[in-house]
Number of protein chains: 4
Amino acid sequence: MSPDDPGRRRSSRSTAAILEAALALAAERPYPQVTVESIAARAGVSKATIYRWWPSRGAVLVDALAARNARDVAYGLPDTGDLRGDLAVVLRGVVDELADPAWDALLRALTVETLQDDTLRSQVLATIFTPQLEAFAARFAVARAAGQVGDDVDDLAALELVVAPVFHRWQQGSGSLTHAYADGVAARACRALAPADRPDAEG
Amino acid sequence: MSPDDPGRRRSSRSTAAILEAALALAAERPYPQVTVESIAARAGVSKATIYRWWPSRGAVLVDALAARNARDVAYGLPDTGDLRGDLAVVLRGVVDELADPAWDALLRALTVETLQDDTLRSQVLATIFTPQLEAFAARFAVARAAGQVGDDVDDLAALELVVAPVFHRWQQGSGSLTHAYADGVAARACRALAPADRPDAEG
Amino acid sequence: MSPDDPGRRRSSRSTAAILEAALALAAERPYPQVTVESIAARAGVSKATIYRWWPSRGAVLVDALAARNARDVAYGLPDTGDLRGDLAVVLRGVVDELADPAWDALLRALTVETLQDDTLRSQVLATIFTPQLEAFAARFAVARAAGQVGDDVDDLAALELVVAPVFHRWQQGSGSLTHAYADGVAARACRALAPADRPDAEG
Amino acid sequence: MSPDDPGRRRSSRSTAAILEAALALAAERPYPQVTVESIAARAGVSKATIYRWWPSRGAVLVDALAARNARDVAYGLPDTGDLRGDLAVVLRGVVDELADPAWDALLRALTVETLQDDTLRSQVLATIFTPQLEAFAARFAVARAAGQVGDDVDDLAALELVVAPVFHRWQQGSGSLTHAYADGVAARACRALAPADRPDAEG
DNA sequence: TTGTAAACGAGACGGTACGTCTCGTCTTAAT
DNA sequence: ATTAAGACGAGACGTACCGTCTCGTTTACAA
């Protein structure tokens, strides 16, 4: 499946152009207007080339985001010893990203696709969600060793405590997404994570 | 906007049939196949009648869900004095609903629409989310009076602590949605909600 | 099937525009470039409207020619008593038409379609060929009564003697199509048609 | 243009396979489905090889027929002294060929191509039509010497008298193509060909 | 005046075939 | 026997239409 696998000879130029076009379009216009035709046009590529390599518009989008993440994103959380502070930093970053219209649109598009296609959901889970979970898990392991996180909370549940409120609020539009809010979420998460006998220990 | 607003002479028979058809179709087939055409056909109504009264497929769906909620749903949380237990009961109910393929499909459809149309999102916020928030707020008020919830956590943030993890997991497909998980979420929420000086009081 | 058949409500405006566009395009460009898309564009009509009413590009063309013939063409041969002269007049007209690039292109297109679709061939036979055959038959009946045509030659064979050489030459490009040639064909046809005992009688 | 022109090193194996595939496909399926792609597949050859040596699908077909004719067809008409009988024999053969679905399809395909490409028409004229015309011309020369054909009818016009009615009827589907019909056409052609002063002489 | 039925313009869909263009491989004829 | 020109298969590519679909609108008729 390497991009230059002889016998397939998939054009890396075209592939890159398609992924880039998909991201750009999803970031700049309502998702229903991000059609395969528009992606093809923007990429200077034929529709047939897209259909040759991807089964659907959503698959292109997911691939595009995965490629971008692989290129640009450094997974890994800060570790200053202060769990609440570290989580607050991360959540402030999330809040800032969600405030960017391009990221907002991109994430909406991605969510729409995963809601309608279980294959894509699995793919997102594997390529986007899991690396983030692992980054959090690494930080939680440190925190657990420092007695800041109880043994009864698994990594997935812990991650949900931290990020789910933010994404829920983003998706519902039920409240404002500020740095102060991010700090509050981090604080509450730490309270919930703390071992029962040593609530919210700060090391 | 009332369904029998005099002067518009909107047919309540048709309206009901359309809303019912929309719900039934959204529950039973992939959402892209829930077309205005299919709703009209199922309702025994012409497309023009739908477009006369609703601007989009999503608006029909939102109206349909709001109507159904107004008819069937009793908002309000149990109050046994045991906050964690009460929340666990509610979350177990949520988990059960999400396990129902019909509800699952319906909620996916609703989410897809709200992600793509801010007007609908506002409408959902007002007609579906807010009543639920108020029901939670009422219960939180009681809990706060009993010293089980700190004054520093507002109702929205509190609600997020309780429900966001569940919906996050549902949407990501990142873990299983069991009663045990619901209990765990309730427990962690209560730890986070508890006043700092009296962690996780059980009244 | 009438164009204003209640219950179908076919738009006569669109129908006319489509037929006109088809004729114009077939007359002015190579037939492979007369696509359904181009007809729709020229007619200011959507492709779906064409496919709603005709099964193929060729069917549109045949309909268009039939409509034009029904409107413009006066079937019927001259009858001066001089069969050879009358036939020569008709053939000179045919030759002139075939020299017109628009008619040439149109007839090529029609022939291409009938060669590839037996349904269309039948339709052409019924709506275009048969009226012409009947017009010839009427003239031959007069000629037969005048002893200029033998009883052993049926109308179809007689018509073939008159027109087939011209169309054959047109199609093969095997020779020039002049008035002199038309006269020669008429003369030879009359010799072949004449009763055996009274060759080529002139009345 | 010889197939083994040194310096081109055209593969005679491929060439033969392509021509054979083209004929076979044109004989067995509707002509629109005789694509370059299908010819290449049938011949076990790449599309590029076809486009390297022929400009179009039609050119392959014409070449294929020319090659087949050069190999299989003995031009030349019988000469028993009885012109009408000899022509009838030839026309019966034509009628029999046209009744063969494979030949029918092949001839339709050839005609479609010549109607849309003047280059191919010229090629067909030179490689297929002209040899036949010459064969007829040779027989007519004998007949003319025998006083069976007038000096005022040139060879091309004479050939048209004989074959055009048959092809016209074949193309229009206007009547049945039987041996009796073939005999009638031959008879009428001879009447038309006969010198004016000695109608339909039989030698 | 509604609502229904269905046709309409618009345009995306997923796909086929076109004709062009690399790729490596293999043939072939002249060294 | 070696070599180099170039024909070969494979198949990806951009282009252009195909015939179908859904959308949201419009029109004509029926109640």
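Each chain gets a letter, A, B and so on, in the order the sequences are listed, and its residues count up from 1.
Listed nucleotides F/dG24, E/dC13, F/dC17 differ in distance to B/Tyr51; the shortest reach to its side chain belongs to F/dG24. In this structure, of E/dT4, F/dC17, E/dG9, it is F/dC17 that holds the atom nearest to the side chain of C/Glu37. Considering only side-chain atoms of C/Thr49, the nucleotide from F/dA7, E/dG3, E/dG9 that sits closest is E/dG9. You'll find that the side chain of C/Val36 is closest to F/dG19, out of F/dT26, F/dG19, E/dC18.
Atom CZ in D/Arg42 sits roughly 18 Å away from atom C1' in E/dA17 (whole-Å rounding). Rounded to whole Å, atom P of F/dC18 lies 12 Å from atom CD of C/Gln33. Summarising the geometry, the separation between CZ on A/Arg52 and C1' on F/dA10 is reported as 13 Å, rounded to the nearest angstrom. Spacing between atom CD of D/Gln116 and atom C1' of E/dC18 amounts to 15 Å, rounded to whole angstrom units. Counting to the nearest Å, the C1' atom of F/dG9 and the CZ atom of D/Arg13 are 14 Å from each other. Atom OH of A/Tyr31 is separated from atom P of E/dA12 by 15 Å (rounded to the nearest Å). For the pair C/Ile39 CD1 and F/dG19 P, the computed distance is 11 Å after rounding to whole Å. Going from atom CH2 of D/Trp54 over to atom P of E/dT20 covers 15 Å, rounded to whole Å.
Residue-level contact check: D/Ser14 touches the backbone only, with heavy atoms under 4.0 Å from sugar-phosphate atoms and none from bases. If you check every strand for non-hydrogen atoms under 4.0 Å, B/Ala48 touches a base.
Between D/Val34 and A/Arg57, the residue whose closest nucleotide on DNA chain E is further toward the 5' end is A/Arg57. Of the two residues contacting DNA chain E, namely A/Ser56 and B/Ser46, the nearest-nucleotide position lying further toward the 5' end is that of B/Ser46. Looking at which nucleotide of DNA chain F each of A/Thr15 and B/Thr35 is closest to, the 5′-most match is held by A/Thr15.
A pairwise comparison of heavy atoms in C/Ala22 and C/Val60 identifies CB-CG1, 3.7 Å as the closest pair. For the residue pair B/Leu115 and A/Arg108, the shortest heavy atom distance occurs at O-NH1, 3.0 Å.
Around atom CD of D/Gln116, more than 12 heavy atoms belonging to other residues, nucleotides or ligands sit under 6.0 Å away. Atom CZ of D/Arg13 has 12 or fewer heavy atoms from other residues, nucleotides or ligands within 6.0 Å.
Side chain of D/Thr49 to backbone of D/Val45: no donor-acceptor contact under 3.5 angstrom is found.
Checked by distance alone, C/Lys47 brings no side-chain donor or acceptor within 3.5 Å of a matching partner on the base of E/dG9.
Side-chain nitrogen and oxygen atoms of D/Trp53 include none within less than 4.0 Å of the OP1 or OP2 phosphate oxygen of E/dG19.
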